[in-house]
**Student:** 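The structure under discussion is supplied below as structure tokens; questions concerning it will follow.
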Amino acid sequence: PIMQESFFSVVRDLKKEKFNYLTPIYAKSDFESRYSLSVLSGENALSNVKSRTKYYIKDPRILAMSKFLGDYGSPIQPYAEVFVEEADKYGLDWRLVASISGVESAFGNITPDDSHNGWGWRGINGNEDGWSMFDSWEDSIVHITERIALGYGTDLTPFDIEPTYCPPCGRTIGHPWANGVTRFMNELDYYLNNLSDL
């Protein structure tokens, strides 16, 4: 201990500048010329870090839905968040209702005039042809999501739903309705898994 104390005493006396544990390492000193402190001064070191971490301020399903519907030129694109929120409210697959609209109306592009009905839905506020008429796209998404969840349940696949939703399709060997809905659901999965590349 005596030898150690005398050694540190000599070293302390030789230093021109004293440091303690609270001295910031970026403080200007005569040691700066001997050590590179460029990481801590001037250029921000974090700006050079390339991260593969993705940060989303919105639910990525909403971003995927919006991009997906936008790519189809859909008038229901602005309601991407409504699709996801309403599906979550009932425990329904977030992709299902939008995908049904893809088969039934090319995502709302082919509908009865002013109906906001992209699902071929019948049953409320019908026009003379029996199609349900809604005041807005949001109203139709809210109503139809609820009715599908309560009427069909939340764990059925498009193939389970097809015989009731589109009886002629259910009797067809190729099952065009169920295969079409499934295809759009798979596309939505692709959009979700590849958001950064789209």
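All values below come from the heavy atoms of this structure, side chains included, with hydrogens, waters and symmetry mates left out.
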**Student:** I'd like to check F159 versus T182 (side-chain heavy atoms, cut-off strictly below 4.5 Å). Are they in contact?
**Tutor:**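 Sidechains of T182 and F159: in contact.
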
**Student:** Can you tell me how far CG of N186 sits from CZ of R183, rounded to the nearest 0.5 angstrom?
**Tutor:**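 The distance works out to 10.0 Å.
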
**Student:** Over all heavy atoms of both residues, which pair between D114 and M133 is shortest? Give the atoms and the distance, please.
**Tutor:**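 It is O-CE, 3.7 Å.
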
**Student:** Measure the spacing between OH of Y79 and CG of D139 and express it to the nearest 0.5 Å.
**Tutor:**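 The CG atom of D139 is 9.0 Å from OH of Y79, to the nearest 0.5 Å.
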
**Student:** If hydrophobic clusters are built by linking Ile, Leu, Val, Met, Phe, Trp and Tyr wherever their side-chain heavy atoms come under 4.5 Å apart, do Y190 and F107 end up in the same one?
**Tutor:**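 Yes, Y190 connects to F107 through the hydrophobic network.
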
**Student:** Quick one: closest heavy-atom pair of S105 and T111, and the distance?
**Tutor:**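 Closest approach of S105 to T111, heavy atoms only: CB-CG2, 4.0 Å.
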
**Student:** Which distance, rounded to the nearest 0.5 Å, do you find between the CZ of R61 and the CG of D88?
**Tutor:**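 CG of D88 is found 4.0 Å from CZ of R61.
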
**Student:** Roughly how far apart are W121 CH2 and E104 CD, rounded to 0.5 Å?
**Tutor:**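 Separation between the atoms: 10.0 Å.
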
**Student:** For the residue pair P158 and L96, what are the closest heavy atoms and their distance?
**Tutor:**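 Taking every non-hydrogen atom into account, CG-CD1, 4.3 Å.
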
**Student:** With sequence neighbours excluded, give me every disulfide bond (SG atoms under 2.5 Å apart) pair touching residues 154-198.
**Tutor:**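 Output for this query lists C166-C169.
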
**Student:** For D160, what residues pass the side chain to side chain donor-acceptor pair (under 3.5 Å) criterion, not counting sequence neighbours?
**Tutor:**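 Partners of D160 under the side chain to side chain donor-acceptor pair (under 3.5 Å) test: T157.
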
**Student:** Please determine which of W94, F68, Y72 meets the ring-ring contact (aromatic ring centres under 6.0 Å, His included) test together with Y191.
**Tutor:**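 With Y191 as partner, W94, F68, Y72 yield a single ring-ring contact (aromatic ring centres under 6.0 Å, His included), made by F68.
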
**Student:** Provide the closest heavy-atom pair for F134 versus H116 in the form atom of the first, atom of the second, distance.
**Tutor:**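 It is O-ND1, 2.9 Å.
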
**Student:** Can you list the steps and then say if Y90 with E146 is a side-chain contact (heavy atoms from CB on, under 4.5 Å)?
**Tutor:** CA-CA 7 Å; Y90 296 101; E146 177 191 37; 3.4 Å; yes

**Student:** Where is the tightest heavy-atom contact between P75 and G108, given as atom of each residue plus distance?
**Tutor:**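 Nearest pair, atom of P75 first, then G108: CG-O, 3.4 Å.
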
**Student:** With a 4.5 Å limit on heavy-atom distance, are the side chains of E86 and V97 in contact?
**Tutor:**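 No, too far: nothing below the 4.5 Å cut-off.
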
**Student:** Can you tell me how far the CD1 atom of I148 sits from the OG1 atom of T154, to the nearest 0.5 Å?
**Tutor:**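 Going from the CD1 atom of I148 to the OG1 atom of T154 covers 12.0 Å.
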
**Student:** Can a salt bridge be assigned to the pair E85 and K89 using a cut-off of 4.0 Å between side-chain N and carboxylate O?
**Tutor:**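 Judged by the 4.0 Å cut-off on N to carboxylate O distance, E85 and K89 do not form a salt bridge.
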
**Student:** Backbone N or O of A98 within a donor-acceptor pair of the S101 side chain at under 3.5 Å?
**Tutor:**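 Yes, because the side chain of S101 sits within donor-acceptor range (under 3.5 Å) of the backbone of A98.
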
**Student:** Can you tell me how far OG of S99 sits from CE of M65, rounded to the nearest 0.5 angstrom?
**Tutor:**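 Answer rounded to 0.5 Å: 7.0 Å.
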
**Student:** Which is it for I100 and W177 under the side-chain contact (heavy atoms from CB on, under 4.5 Å) test, yes or no, and what are the steps along the way?
**Tutor:** CA-CA 8 Å; I100 291 172; W177 188 90; 3.9 Å; yes

**Student:** Short question: side chain of E162, backbone of A178 - any donor-acceptor pair under 3.5 Å?
**Tutor:**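 At least one qualifying donor-acceptor pair exists.
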
**Student:** Identify the heavy atoms of N117 and P112 that sit nearest to each other, and give their distance.
**Tutor:**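 Closest approach of N117 to P112: O-CD, 4.0 Å.
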
**Student:** Step by step, work out the side-chain contact (heavy atoms from CB on, under 4.5 Å) result for F83 and L69.
**Tutor:** CA-CA 11 Å; F83 278 112; L69 293 172; 3.9 Å; yes

